[in-house]
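I have placed the structure first, in the form of structure tokens, so that the comments after it can refer back to it.
As a basis for the values below, the full set of heavy atoms in this structure was taken, side chains included, without hydrogen atoms, waters or symmetry mates. Note that this is a predicted model, so its numbers are computed, not measured.
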Amino acid sequence: QVQLVESGGGLVQAGGSLRLSCAASGRTFSYYHMGWFREAPGKEREFVGGIKWSGGTTDYGDSVKGRFTISRDNAKNTAYLQMNSLKPEDTAVYYCAAKRSGRPLEIKDDYDYWGQGTQVTVSS
């Protein structure tokens, strides 16, 4: 079992920045690839980005490329999502997730463990 806890969400004005953290406990964090997803009201859960276990490979959804950056610190069992140039359409609940599967990071159904989510609200 892996337990994931997101933090860092909140209310920010358009153009601002936030950094989300995802703290993991349980099994060895460095064994898992990590993903960030978001879900806005009335919409499906959307892939934001992901990072492989070593940190050497990342991937991002088209809507956030160039604005968001994912990183991880395996020594701290934590993954991060740095969000810059935020837009009102980035408003959603953000979830981190962990998986062992080596398939592409954007495959939502591959993820074995999910956090409870953290709300991000971007005002215009």
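Side chains of Phe47 and Ile107 form no contact here, defined as non-hydrogen atoms less than 4.5 Å apart. Counting heavy atoms from C-beta outward, Gln119 and Thr91 have side chains that approach closer than 4.5 Å. At a threshold of 4.5 Å between non-hydrogen side-chain atoms, the residues Glu6 and Gln116 count as touching. Residues Tyr32 and Tyr113 form a side-chain contact, since some pair of their non-hydrogen atoms from C-beta on lies under 4.5 Å apart. Between Met34 and Leu4, some side-chain heavy-atom pair lies under the 4.5 Å cut-off.
Of all non-hydrogen atoms in Ser124 and Ala14, the two that sit nearest each other are CA-CB, 4.3 Å. Heavy-atom minimum distance, Ala23 versus Thr78: CA-OG1, 4.2 Å. Of all heavy-atom pairs spanning Val120 and Leu18, the tightest one is CG1-CD1, 3.9 Å. Closest approach of Ser123 and Leu11 over heavy atoms only: CB-CD1, 4.3 Å. When all heavy atoms are compared, the tightest approach of Val122 to Lys87 is CB-O, 3.2 Å.
Criterion: ILVMFWY side-chain heavy atoms under 4.5 Å apart, direct or through other members. Under it, Leu105 and Val2 are not part of a common hydrophobic cluster. Residues Phe29 and Tyr111 are members of separate hydrophobic clusters, defined by side-chain heavy-atom contacts under 4.5 angstrom among Ile, Leu, Val, Met, Phe, Trp and Tyr. The hydrophobic cluster containing Val12 also contains Val64, counting ILVMFWY residues as joined when their side-chain heavy atoms lie under 4.5 angstrom apart, directly or transitively.
Listed by chain and residue number, Ser17, Gln82 satisfy the side chain to side chain donor-acceptor pair (under 3.5 Å) test with Asn84 (two or more places apart in sequence, or in another chain). Scored by the salt bridge (charged side-chain N to carboxylate O under 4.0 Å, His left out) test, Glu39 finds Arg45 as partners (sequence neighbours excluded). A search for side chain to side chain donor-acceptor pair (under 3.5 Å) contacts involving Ser25 returns Gln3, not counting sequence neighbours. Considering only residues two or more places apart in sequence or on other chains, Asp62 meets the salt bridge (charged side-chain N to carboxylate O under 4.0 Å, His left out) condition with Lys65. In this structure, Lys43 has no salt bridge (charged side-chain N to carboxylate O under 4.0 Å, His left out) partners at least two apart in sequence or on a different chain.
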With a 3.5 Å cut-off and sequence neighbours excluded, list the donor-acceptor pairs that the side chains of residues 92-101 form with protein atoms.
residue	atom	partner	partner atom	Å
Tyr94	OH	Arg38	NH1	2.9
Tyr94	OH	Asp90	O	2.6
Lys99	NZ	Arg103	O	2.8
Lys99	NZ	Pro104	O	3.0
Arg100	NE	Tyr31	O	3.3
Ser101	OG	Arg103	N	3.2
Ser101	OG	Asp110	OD2	3.1

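Taking CD1 of Ile70 as the reference point, atom NZ of Lys52 lies at 12.5 Å (rounded to 0.5 Å). The line from OH of Tyr80 to OG1 of Thr69 is 14.5 Å long, rounded to the nearest 0.5 Å. In this structure, Cys22 SG and Asn77 CG are separated by 10.5 Å, a value rounded to the nearest 0.5 Å.
Each of Glu44, Glu46, Lys108, Glu106 was checked for a side chain to side chain contact (heavy atoms under 4.5 Å, CB included) with Phe37, and the lone residue meeting it is Lys108.
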Next item on the list: Start with the C-alpha distance between Ile51 and Trp36, add both sets of side-chain angles, then the distance that settles side chain to side chain contact (heavy atoms under 4.5 Å, CB included), and finish with yes or no.
Entry: CA-CA 9 Å; Ile51 187 167; Trp36 286 94; over 6 Å; no
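Panel note: side chain Asn74, backbone Trp53; a donor-acceptor pair is recorded below 3.5 Å.
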